[in-house]
Engineer: 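What follows is a single structure, and I will ask about it in a moment.
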Amino acid sequence: MIERILILLLMLTGLWSIISKRNIIKKIFGFTLLNNAVVMLFVLEGSRIGKSAPILEEGISQVVDPVPQALMLTAIVIGVCMTALALALAFYLYKASGSFDIRKIREAVHDES
Amino acid sequence: MKPGTRWTQFWTVLSFAALAAVLVPVFVIDAPWPAAARDYVEAQGVREIGSYNLVSAVYLGYRIFDTVGEIIVLIASVIGTVAVFSAAGAVLAEGYEIDLRNMSDREKQEIMDDSSFTLPGEKRHTHALRTHLLEVVTGVLGPVVVLFGFYIMVYGHSSPGGGFQGGVIIASGIVFLALGNRMESSTMLTRPPVLERIESAAFLVLALASFGGMFTGTGFFGDFLKEFALYPAGFMMIMKVSIGLIVGAGIGYLCIAMVGREIT
Amino acid sequence: MMNPENLIFLPVALPLAGAAAAFCAKAWCTGSLAKITEYGGALIGLALPWAFLAAVLPVIATGGVVEGVIGRWYEGIGITFRFDGLSWLVMVLIYSVTTAAWIYSLGAGPRNASFSAVYLILVSALSATIMTTDVFNLFVCLEMAGITSYVLIASSGKPGAALASFSYLLISASSMVFFLLGVYGLYRLTGALSYEGIAQGLQSLPDGGGTAAVVSLALMIAAVSVRVAVMPVSGWLPDAHALAPHAVSAVLSGVLIKVPLFALARVMLLMPAGMQAGALIGYAGAFTALFGVILALSQKDAKRLLAYHSISQIGYVVSAWGAAVHVGVTTPAGAALMAASFLHGLYHAMFKGLLFLSIGTTVDRTGQRDVYQLRGAARILRSGGERIPVTCICFFIGALAISAIPPFNGYVSKTALSHVLSGSFHYYLLTAAGVGTAASFIKLSRIYWPQKQGGEHSAARGRTPASVYISQLFLGGLCIAGGISASAVFAMVVNLLSASGAPVPEVAFYSSANMLKALLTVAAGLILFLLTATKKGGALLTTIRTRPRGFQDLFISFSLAAAVLVIWML
Amino acid sequence: MTILLLALVLGLAVYTVSTKDLLHGIIALSAISLLSALLFYLLDAPDVAITEAAVGAGVSAVIFIGVIRYTERRDTSE
């Protein structure tokens with residue numbers, strides 16, 4: 001129970017970073033934390049049943065549920081792909097506006113409308 | 001302070017608190033974990049997929065399409081990231097194509113400085129992190145790391161590991177090669193066009209392999225080598241190797257792009 | 001191979017193979033061989049699926065539903081795809097617009113093999129999104145469609161597009177994390193990922209899953225709503241759609257915001273609370289239609305105006321869709337609502353795609369995007385080698401269709417919508433939105449009016465490529481055909497959607513009352529337009545246009561929308 | 001043990017979000033990835049642990065640093 005509350009707090013930290021920070025790199029940090037928190041939650045709860053890692057060898061039974069682990073492999077990779085693209089765009093925006101501050105970027109980019 | 005700012009802060013806090021309150025019920029579920037899927041995979045996984053690592057059995061067998069989707073996300077991300085970077089003026093990985101013989105020492109030094117690992121605000125001399133030692137060690141370690149990546153990739157059915165993990169290790173090996181050999185003798189493997197060829201060819205293999213099962217009665221992304229039984233988990237091997245090559249070449253390309261030099 | 005269980009995967013597999021071929025063309029081939037490989041890949045990915053769609057129509061039309069598990073594994077773990085009437089119809093939507101937009105991109109750019117590869121991946125992901133019946137696979141498919149759209153938006157190379165792509169990426173990737181949390185909740189409770197397994201699992205639980213299940217579903221719905229751009233969470237859309245390359249704008253507005261919506265319909269039927277949520281989303285959609293059109297009317301950038309219209313029109317689709325989910329899709333009333341909703345989605349894809357392509361051609365040619373500045377566009381287009389004013393005619397077809405003038409397709413779908421929604425609260429909001437639509441298109445069509453003073457626009461050089469005209473004529477033809485064959489198409493959509501053969505509601509499309517209503521709407525629109533052209537109206541529009549918009553607002557509205565949705569469903 | 005690790009992760013996350021030096025934030029983020037890899041190993045998920053270590057501490061750190069080194073390191077907003 002305490003573990004899950006800690007993960008919830010981790011998730012909220014990430015969300016807070018996305019919502020309230022003006023530096024776009026900080027926002028990307030927040031997204032990474034958010035993604036990590038869900039991965040941790042899945043794996044933590046997935047290991048509730050079973051006693052050993054899901055690799056069948058002699059005399060091993062009662063493994064943990066392999067499905068959430070397989071899902072989380074996918075989620076981790078998708079998260080890092082999004083992070084990479086977001087960073088590339090952040091880099092581009094920095095080159096275009098000279099700042100990581102979202103308000104300055106918006107001012108620099110959106111002067112036409 | 002502008003008049004709107006406090007109002008925005010109020011809404012920020014309110015919405016944050018509302019979402020936090022809403023999330024709590026999901027986090028406090030205390031029902032017993034459903035074991036149906038686990039029991040099925042534990043009983044049938046080895047027989048059906050041929051993999052002792054049950055995570056691999058799910059990842060590369062039962063739910064192969066999720067994995068393929070993830071790899072496609074990776075491919076699109078690499079294409080997009082590299083395109084955005086070059087649009088931003090960072091001409092990538094230029095260092096490998098430069099002919100050093102006709103350059104003066106000062107130009108060489110500039111390239112060295114540009115391609116160093118220095119960060120803005122660093123007080124040390126510009127290429128302090130890029131020592132001769134680093135070059136030698138990474139250059140020698142590179143091939144070993146690539147080999148180790150292949151090992152992880154191929155043996156994922158009986159031990160932790162698999163296509164993706166092996167691919168990431170291969171990518172780091174490629175980056176090692178790039179760091180080690182960049183000035184004197186360039187390796188084929190660290191050239192972006194070569195990496196792109198590997199990536200695209202592996203993607204084509206992956207896409208064509210998905211059709212195989214349609215002719216042998218196992219369906220889309222089905223195990224069409226089941227009847228031939230050349231090797232346990234033969235289809236899984238094709239998937240693993242092509243995924244590993246896509247990931248290795250793609251992430252290697254991405255990382256080389258990141259440590260490449262900038263021309264503005 | 002001809003086994004139907006294999007065939008249904010072809011719309012996913014063929015574009016994927018095409019994308020691989022296009023990617024190989026970039027890496028391996030040079031010169032004309034590269035072009036041949038790339039076009040071959042596009043042919044595989046965009047043309048062959050049409051043959052498939054034609055081939056399976058007889059099966060689907062008789063109420064047949066084909067289900068297939070990928071790799072024929074055990075369906076408790078494997079990924080099940082379902083091909084039914086809804087999938088067939090949405091695929092027609094996907095392929096008609098994506099084919100036209102790809103042809104357009106040949107002439108007007110972005111013209112390279114990477115673009116084709118990413119574009120074909122997008123097509124494949126969209127086809128998978130509508131067919132999948134597995135929550136985690138839906139997550140993966142949405143992410144696939146998402147990342148390709150971020151890349152395509154950013155590919156226009158403008159800083160504004162990069163910012164739009166960044167905002168869209170961050171809000172939609174973050175909301176997808178909450179989607180994943182919803183998947184966790186459902187898997188935690190039921191141990192299943194397929195819709196069928198989840199529904200059974202929830203039924204066997206004592207309290208149907210309780211609060212946790214409802215919250216999980218609400219998080220998933222809120223996350224998908226971000227993609228659909230229903231009003232509180234639509235802030236990312238105008239910039240993204242206005243600044244993307246024209247061909248991409250057409251696909252984004254036409255296809256990308258609708259496919260997740262119809263995929264969501266399957267998810268919402270998992271539990272009774274989902275039907276509750278349908279009502280709320282329906283109301284949100286009706287308000288979206290009205291507010292979207294007010295914002296559209298105030299814009300001065302031509303493409304941004306169209307982008308706000310996308311929000312408004314998706315509001316029409318969503319309002320009927322929400323009502324359909326609320327009453328249950330399988331009931332006769334629900335089937336009719338769903339059919340009207342889908343029909344408007346399909347027709348909107350066609351005429352909005354057409355509008356984006358023709359306005360895109362115009363602004364490229366004239367180098368001017370401001371609606372208040374640009375005049376005499378038809379003449380400038382003629383100087384680009386356009387003997388017959390194809391672009392101009394196509395624009396007017398699209399504008400008349402979106403303003404619901406008979407006999408174009410927009411009239412048909414809006415008549416169907418007002419028939420099935422008549423008497424409800426939505427109906428009045430949608431009628432008001434129709435007036436605004438007419439007004440804003442009168443405003444937009446002024447760019448083709450003859451110019452009074454001498455031309456100072458820097459017209460682009462060179463001839464407009466033929467593919468630009470082909471794609472516009474293709475979509476324009478579809479708009480007219482959809483309008484003329486109204487009753488037949490509506491009956492076919494109802495039949496395909498209801499599967500059990502629900503009665504087709506008799507809609508008198510070309511009755512005098514409906515025609516009169518269309519005329520009155522346009523007249524009211526003209527009055528509204530004249531009002532906004534006055535000094536006071538113009539000042540009001542400027543106030544609306546220049547209202548502050550922040551990045552934070554996206555997240556604040558997402559959080560609040562999710563919270564409100566949960567409270568509503570409980 | 002898991003509680004301890006998670007508390008450490010949470011502390012690092014707060015540091016990541018609040019620090020003014022983006023490079024420190026990146027290093028803390030990599031440390032979070034390594035700690036969570038350890039956590040996954042303890043929770044009988046070796047595959048996820050390998051992936052998280054390789055991706056979180058390796059690839060994403062390289063990309064973050066690659067961006068930071070061409071731009072700026074200080075968080076100058078606020």
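Quick note on labels: first sequence line is chain A, next is B, and so on, each numbered from 1.
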Engineer: Counting heavy-atom pairs closer than 4.5 Å to chain B, which one of C:L16, C:V214, C:I77, C:L219 comes out on top?
Structural biologist: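 The answer is C:I77.
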Engineer: Side chain, backbone, both or neither: which part of C:A128 has a non-hydrogen atom closer than 4.5 Å to chain B?
Structural biologist: side chain
Engineer: For chain C, find which of B:V205, B:V22, B:D66, B:L204 contributes the most heavy-atom pairs closer than 4.5 angstrom.
Structural biologist: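 Of the candidates given, the most pairs with chain C belong to B:D66.
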Engineer: Which answer fits C:L138, side chain, backbone, both or neither, if we ask what part of it has an atom under 4.5 Å from a heavy atom of chain B?
Structural biologist: neither
Engineer: With a 4.5 angstrom heavy-atom cut-off, which part of C:I121 approaches chain B: side chain, backbone, both or neither?
Structural biologist: side chain
Engineer: Of the backbone (N, CA, C, O) and the side chain (C-beta and beyond), which part of C:A17 lies under 4.5 Å from a heavy atom of chain B, both, or neither?
Structural biologist: both
Engineer: Under 4.5 Å, counting heavy-atom pairs only, tell me which of C:L181, C:T148, C:T211 racks up the most with chain B.
Structural biologist: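 Heavy-atom pairs under 4.5 Å are most numerous for C:L181.
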Engineer: Taking CD in C:E67 as the centre, count heavy atoms belonging to other residues, nucleotides or ligands within less than 6.0 Å. Is the count above 12?
Structural biologist: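 Count over threshold, so yes.
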Engineer: Picking from C:F178, C:F558, C:F555, which has the most non-hydrogen pairs under 4.5 angstrom with chain B?
Structural biologist: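 Top count of heavy-atom pairs under 4.5 Å with chain B: C:F178.
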Engineer: Below 4.5 Å, heavy-atom pairs only: which of C:V140, C:I147, C:I556 has the largest tally toward chain B?
Structural biologist: C:I556
Engineer: Please flag which part of B:A207 lies under 4.5 Å from any non-hydrogen atom of chain C: side chain, backbone, both or neither.
Structural biologist: side chain
Engineer: Search all heavy atoms of C:A212 against all heavy atoms of B:V26 and return the closest pair with its distance.
Structural biologist: O-CG2, 4.3 Å
Engineer: Select one option (side chain, backbone, both, neither) describing which atoms of B:A201 are under 4.5 Å from chain C's heavy atoms.
Structural biologist: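 Both backbone and side chain.
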Engineer: Tell me, side chain or backbone of B:E70 under 4.5 Å from chain C's heavy atoms, or both, or neither?
Structural biologist: backbone
Engineer: So what's closer than 4.5 Å to chain B heavy atoms on C:L193: side chain, backbone, both or neither?
Structural biologist: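 Answer is side chain: those atoms of C:L193 sit under 4.5 Å from chain B.
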Engineer: Could you state the interatomic distance from CG (C:L10) to CZ (B:F211), rounded to the nearest 0.5 Å?
Structural biologist: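 Going from the CG atom of C:L10 to the CZ atom of B:F211 covers 6.5 Å.
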Engineer: Who among B:A17, B:A20, B:P32, B:G61 has the most heavy-atom pairs with chain C under 4.5 Å?
Structural biologist: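 Option with the top pair count is B:G61.
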Engineer: Highest number of heavy-atom pairs under 4.5 Å with chain B: which of C:G76, C:G191, C:A563, C:A13?
Structural biologist: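 Greatest number of close heavy-atom pairs with chain B: C:A13.
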Engineer: Restricting to non-hydrogen atoms, name the atom on B:V84 and the atom on C:A154 that form the minimum distance, rounded to 0.1 Å.
Structural biologist: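 B:V84 and C:A154 have their closest heavy atoms at CG2-CB, 4.3 Å.
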Engineer: Could you report the tightest heavy-atom contact between C:M144 and B:G69, atom names first, then the distance?
Structural biologist: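 Nearest pair, atom of C:M144 first, then B:G69: SD-CA, 3.4 Å.
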Engineer: Do C:V12 and B:F65 have side chains that get closer than 4.5 Å, going by heavy atoms?
Structural biologist: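 In short, these two side chains touch, coming nearer than 4.5 Å.
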Engineer: Ring-plane angle category for B:Y62 and C:W73, please: parallel below 30°, perpendicular beyond 60°, tilted otherwise.
Structural biologist: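 Plane angle over 60°, so perpendicular.
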Engineer: Which pair of heavy atoms, one from B:I29 and one from C:R188, lies closest together, and at what distance?
Structural biologist: O-NH2, 3.7 Å
Engineer: By a 4.5 Å heavy-atom criterion (distance strictly below it), what part of B:I79 contacts chain C: side chain, backbone, both, or neither?
Structural biologist: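 Side chain only.
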Engineer: What part of C:F139 is in contact with chain B, defined as an atom under 4.5 angstrom from a non-hydrogen atom: side chain, backbone, both or neither?
Structural biologist: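 The answer is neither part of C:F139.
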Engineer: C:N137 and B:R63: which non-hydrogen atoms are nearest, and at how many Å?
Structural biologist: N-NH2, 3.9 Å
Engineer: Using heavy-atom distances under 4.5 Å, tell me whether B:I75 contacts chain C through its side chain, its backbone, both, or neither.
Structural biologist: side chain
Engineer: Chain B: which of C:T190, C:L189, C:D134 shares the most heavy-atom pairs with it under 4.5 Å?
Structural biologist: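 The answer is C:D134.
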